[in-house]
Amino acid sequence: MIERFAAAGGETIAVARNPPETPHATHFIRADLVDPAGVRSVVEAAQALGGVDVLVHNLGGSHAPSGGFQALDDASWHQELSLNLLAAVRLDRGLVPGMLERRQGVVLHVSSIQRRLPLPESTTAYAAAKAALSAYSKALSKELGPQGVRVNSIAPGWIRTSAADRLVSRIAQAARIDEAGARQRIMEGLGGIPIGRPAEPTEVAELVAFLASNRAAAIHGAEYVIDGGTIPTL
């Protein structure tokens with residue numbers, strides 16, 4: 001996403017726990033957004049740079065154990081909610097007021113199709129947290145729209161990231177099959193992907209760039225699914 005905004009000439013701020021191997025951002029802030037102190041450091045640094053016009057929150061993931069709902073203790077639930085919901089809430093609370101002062105801005109939250117298609121064996125808490133993020137995004141859009149700030153969310157399906165590639169490799173090794181067969185197993189586990197492949201990160205970045213642009217000036221309070229047709233219903 002940073003590359004896409006940089007290619008369009010935007011001044012960008014990237015936030016992560018570790019610096020990227022190939023930096024493309026104008027500014028980099030090292031912080032853990034799960035930690036409230038990390039969020040405060042990001043807000044202070046961004047404000048010192050003049051604030052932000054577009055806020056894209058794509059932090060997320062699942063670290064809970066497999067085994068269904070009985071395997072999830074309070075610590076697991078708190079961890080998933082902190083990572084997939086509260087980090088976005090805290091970042092918005094710190095950076096959106098500057099947008100409201102200028103009466104313009106865009107907030108984009110990256111949710112997940114698992115809010116509609118949860119995998120009960122291993123991602124119940126993650127799916128519930130992402131469902132909460134989508135509901136929060138809708139509520140935020142109702143509040144901020146009249147004040148000039150647009151809010152939308154994006155729900156990706158399976159995206160071919162480096163983490164997804166590592167998962168494919170682990171499945172292939174464990175099942176003693178090739179990686180093509182491992183990818184097929186993942187797609188079957190999702191109920192099938194009609195286009196026959198995961199989406200590429202660049203394809204998600206194009207959607208983000210569009211929703212952040214003036215071309216999408218009338219798009220507000222919506223959630224855009226990018227999953228290759230995985231969700232079988234409207």
Side-chain angles (χ1 to χ4, degrees), residues 1-8 10-35 38-39 42-43 45-46 52-63 79-96 99 105-115 123 126-127 129-138 140-141 150-167 198-213 216 219 222-228:
M1 294 181 192
I2 289 291
E3 289 182 54
R4 180 62 181 83
F5 280 106
E11 182 177 354
T12 57
I13 302 172
V15 179
R17 289 178 297 178
N18 298 300
E21 294 181 2
T22 54
H24 295 277
T26 313
H27 308 280
F28 174 75
I29 302 171
R30 187 170 188 166
D32 182 356
L33 293 178
V34 175
D35 183 354
V39 175
V42 170
V43 170
V52 298
D53 299 307
V54 177
L55 174 57
V56 181
H57 186 277
N58 67 339
L59 179 65
S62 178
H63 302 291
Q79 181 182 41
E80 300 298 88
L81 288 167
S82 293
L83 178 62
N84 296 291
L85 172 65
L86 295 179
V89 172
R90 292 174 180 134
L91 204 58
D92 291 347
R93 199 161 54 209
L95 293 176
V96 168
M99 297 181 183
V106 177
V107 177
L108 296 173
H109 295 141
V110 178
S111 181
S112 169
I113 63 168
Q114 287 202 43
R115 80 173 186 87
T123 63
Y126 167 81
K130 288 298 190 181
L133 179 62
S134 293
Y136 162 70
S137 299
K138 185 64 176 179
L140 195 66
S141 73
R150 290 193 298 112
V151 181
N152 290 297
S153 58
I154 297 168
W158 183 24
I159 308 299
R160 189 178 177 181
T161 61
S162 57
D165 287 342
R166 289 193 295 271
L167 173 62
E200 297 291 335
T202 53
E203 294 171 317
V204 179
E206 288 296 332
L207 177 58
V208 169
F210 168 69
L211 290 174
S213 73
I219 298 176
E223 182 163 278
Y224 276 71
V225 174
I226 178 166
D227 69 349

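Keep in mind that the numbers below use all heavy atoms, side chains included, and drop hydrogens, waters and symmetry copies.
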Of all residues at least two apart in sequence or in a different chain, which pass the salt bridge (charged side-chain N to carboxylate O under 4.0 Å, His left out) check with [X]?
X: Asp32; value: none
X: Glu200; value: none
X: Arg90; value: none
X: Asp165; value: Arg160

Partners passing side-chain hydrogen bond (donor to acceptor under 3.5 Å, both in side chains) against [X] (at least two apart in sequence or in another chain):
X: Glu11; answer: His27
X: Ser213; answer: Arg215
X: Glu223; answer: Arg115, Ser134, Ser153
X: Arg30; answer: Asn18

Over all atoms of both residues, closest heavy-atom pair of Val208 and Leu108: O-CD1, 3.6 Å

Distance-minimising heavy-atom pair for Thr12 and Ala25: OG1-CA, 3.2 Å

Heavy-atom side-chain contact between Leu211 and Val106 under 4.5 Å: no

From Leu95, Val107, Leu91, Val43, residue fulfilling side-chain contact (heavy atoms from CB on, under 4.5 Å) relative to Val52: Leu95

Does [X] have any side-chain contact (heavy atoms from CB on, under 4.5 Å) partners at least two apart in sequence or in another chain, and if so, which?
X: Leu83; answer: Val34, Leu59, His63
X: Ala16; answer: Phe28
X: Val110; answer: Met1, Asn58, Pro156

Partner residues of Tyr136 under the ring pair (Phe, Tyr, Trp, His ring centres under 6.0 Å) criterion, sequence neighbours left out: His109

